[in-house]
Amino acid sequence: LAEGARQAGAVLRHVRFGQDASVQHAAHRWSADGAVNAGEMEAPDVKSIVSQLHRKGQTPLSIEEGRSSKLTAALQTELFSLGGMSQKDVLAFTRSLATLMNAGIALDRALEMVARRQTSQSKAAVLEDLLSAVREGKGFAAALEAHPNVFSPFYRNMVRAGEAGASIPDVLQRLSHHLETSQRFQSRFRSALIYPAFLMVAALGAILILLTVVVPTFAPMFEDAGAALPTSTAIVIAIGSFFQAYWIWLALAALAICVGLFTLNANPAGQLWWHHRALSLPFIGQIWVKSSLARIARTLAVLLENGLGLLPAMHLAQGVSSNRAISAAMDGMIQDVDHGRGLAAPFEASGLFPALACELIQVGEESGKLDPMLHKLADIYEEETTTTLERLLSLLVPTLTLVVGLLIAFIVSSILFALFSINELAT
């Protein structure tokens with residue numbers, strides 16, 4: 001074995017890879033005297049590592065999974081994909097590949113050109129693995145299947161539909177447009193929440209500092225004066241003393257609540273319960289329904305445009321909603337579609353979606369123009385969701401500012417009233 005390893009060149013002995021972070025590998029190389037030397041490399045999965053090593057004339061002996069920290073797992077967001085490519089990276093890759101293939105460049109050559117431009121080793125590893133699989137004779141959709149953490153089932157099925165219709169460049173163009181629209185919508189949604197969240201954190205911090213640091217410094221002065229304090233001052237001092245004495249227990253209680261909510265959300269049954277209740281909340285429920293409807297309609301439109309049947313398109317669109325209650329309701333809708341009821345009737349029977357959406361879908365089915373009607377429906381509710389959210393936040397920000405200002409004014413004025421009372425007694 002050692003002789004064979006020396007002839008093959010470098011040999012990978014141990015490989016560590018993470019399920020929720022970029023993959024790190026510890027490589028051991030045989031030297032001329034048969035010794036093993038260690039090194040490290042990155043890749044999204046084991047298959048990618050093996051492919052890279054084989055291309056370099058190296059032979060893997062064993063692979064060991066490395067554990068990423070829980071903090072790393074908690075910090076994973078949509079901007080940092082599990083497979084080493086973010087959603088923005090996937091969008092850029094899709095757009096570049098579509099442009100090159102529409103210019104008449106073959107798929108393998110286009111993949112090679114895109115992979116060569118990558119500066120990140122983890123991104124390049126994914127694209128090189130795709131290139132290797134395509135040159136080995138696999139279909140593009142089959143190559144994407146090896147990276148489920150990077151390319152969603154929707155993405156892979158779109159490519160598979162394009163391969164069946166010999167229209168991969170067109171499919172990639174539509175995919176890039178769909179990804180760009182979805183990311184723009186999500187970005188606007190998140191950006192609208194940044195300022196209120198920052199304002200809330202800053203306001204709570206200011207109030208806690210006043211109650212736990214500023215107010216307690218005046219308490220000994222008021223006790224020495226021996227005068228009866230105004231009711232507002234007594235309330236503020238009592239609250240400040242309570243926070244100062246029991247802040248550890250309050251922090252632990254807050255932490256316990258956060259852990260409980262996280263556990264509830266991590267449990268499918270608990271998440272379904274919470275998401276179902278959230279749909280009945282004023283404003284929030286309607287925003288969630290409309291945003292989910294927009295994503296479902298956009299996904300269905302793109303899939304139907306590329307020749308996918310309505311039933312498999314419904315199965316794929318079911319996973320794009322972030323609300324589990326809506327996804328669960330789509331199980332019954334899928335059964336209705338399977339029984340030949342069309343699309344409008346199941347949407348209306350669910351009782352979740354606005355009447356206008358059901359009517360537009362029905363018009364699209366009757367006119368034979370369901371795809372453009374679903375695109376129009378997605379445009380309407382994306383814009384309506386954004387408008388509703390902006391109006392809500394335009395009221396929320398001044399309301400929060402007013403409430404915080406009144407609380408701070410109450411705390412400060414109560415202290416000032418007590419100081420004035422002490423001065424009057426002293427005179």
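Residue numbers start at 1 and run along the sequence shown.
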For this session: Apply side chain to side chain contact (heavy atoms under 4.5 Å, CB included) to Val150 and Tyr155, showing your working.
Result: CA-CA 10 Å; Val150 178; Tyr155 192 105; over 6 Å; no
Do [X] and [Y] come within less than 4.5 Å of each other through their side chains, counting heavy atoms only?
| X | Y | result |
| --- | --- | --- |
| Lys376 | Leu360 | no |
| Leu175 | Leu91 | no |
| Phe151 | Leu130 | yes |
| Gln318 | Asp331 | yes |
| Phe93 | Leu111 | yes |

For this session: Evaluate side chain to side chain contact (heavy atoms under 4.5 Å, CB included) for Leu179 paired with Gln87, printing each intermediate quantity in order.
Result: CA-CA 8 Å; Leu179 293 174; Gln87 287 190 350; over 6 Å; no
Please name the pair of heavy atoms, one in [X] and one in [Y], separated by the smallest distance, quoted to 0.1 Å.
| X | Y | answer |
| --- | --- | --- |
| Leu293 | Ala357 | CD2-CB, 3.6 Å |
| Leu304 | Ala313 | CD2-CB, 4.2 Å |
| Leu172 | Ala98 | CB-CB, 3.6 Å |
| Ala143 | Val134 | CB-CG2, 4.4 Å |
| Ser176 | Thr94 | N-CG2, 3.8 Å |
| Leu131 | Asp108 | CD1-O, 3.2 Å |

Tell me whether [X] contacts the main-chain N or O of [Y] through its side chain, where contact means a donor paired with an acceptor under 3.5 Å.
| X | Y | answer |
| --- | --- | --- |
| Ser152 | Pro148 | no |
| Glu384 | Lys290 | no |
| Ser292 | Val289 | no |
| Asp338 | Ile334 | no |
| Ser414 | Ile411 | yes |
| Glu348 | Cys358 | no |

Point-to-point distance, once rounded to the nearest 0.5 Å, from [atom1] of [X] to [atom2] of [Y]:
| X | Y | atom1 | atom2 | answer |
| --- | --- | --- | --- | --- |
| Ile105 | Met113 | CD1 | CE | 4.5 Å |
| Phe140 | Leu97 | CZ | CG | 5.0 Å |
| Leu395 | Arg391 | CG | CZ | 10.0 Å |
| Glu305 | Leu374 | CD | CG | 9.0 Å |
| Ile287 | Leu281 | CD1 | CG | 11.0 Å |
| Leu377 | Glu359 | CG | CD | 11.5 Å |

So, [X] and [Y], do they make that salt bridge, N to O below 4.0 Å?
| X | Y | answer |
| --- | --- | --- |
| Glu180 | Arg95 | yes |
| Arg298 | Glu382 | yes |
| Arg135 | Glu128 | no |

Problem set entry | Asp336: partners by side chain to side chain contact (heavy atoms under 4.5 Å, CB included), with sequence neighbours left out |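 Asp336: side chain to side chain contact (heavy atoms under 4.5 Å, CB included) contacts with Arg341, Pro346.
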Problem set entry | Contacts of Ser96 that satisfy side chain to side chain contact (heavy atoms under 4.5 Å, CB included) - sequence neighbours left out |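 Scan of Ser96 (side chain to side chain contact (heavy atoms under 4.5 Å, CB included), adjacent residues dropped) gives Val114, Arg117.
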For this session: Can you label the angle between the Phe242 ring and the Tyr246 ring as parallel, tilted or perpendicular, going by 30° and 60°?
Result: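 Phe242 vs Tyr246 ring planes: tilted.
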Would you find more than 12 non-hydrogen atoms of other residues, nucleotides or ligands less than 6.0 Å from [X] atom [atom1]?
| X | atom1 | value |
| --- | --- | --- |
| His375 | NE2 | yes |
| Leu252 | CG | yes |
| Phe410 | CZ | yes |

Exercise. Among all residues two or more places apart in sequence or in another chain, which pass the ring pair (Phe, Tyr, Trp, His ring centres under 6.0 Å) test with His275?
Worked result: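 For His275 the ring pair (Phe, Tyr, Trp, His ring centres under 6.0 Å) partners, ignoring immediate neighbours, are Trp288.
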Exercise. Passes side chain to side chain contact (heavy atoms under 4.5 Å, CB included), Leu127 versus Lys123? Steps please.
Worked result: CA-CA 6 Å; Leu127 301 187; Lys123 299 175 190 176; 5.6 Å; no
Problem set entry | Residues Asp89 and Gln118: side-chain donor-acceptor under 3.5 angstrom |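 The answer is no; no qualifying pair exists.
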For this session: Could you please spell out the steps behind the side chain to side chain contact (heavy atoms under 4.5 Å, CB included) verdict for Leu343 and Met333?
Result: CA-CA 8 Å; Leu343 188 61; Met333 297 168 61; 5.5 Å; no
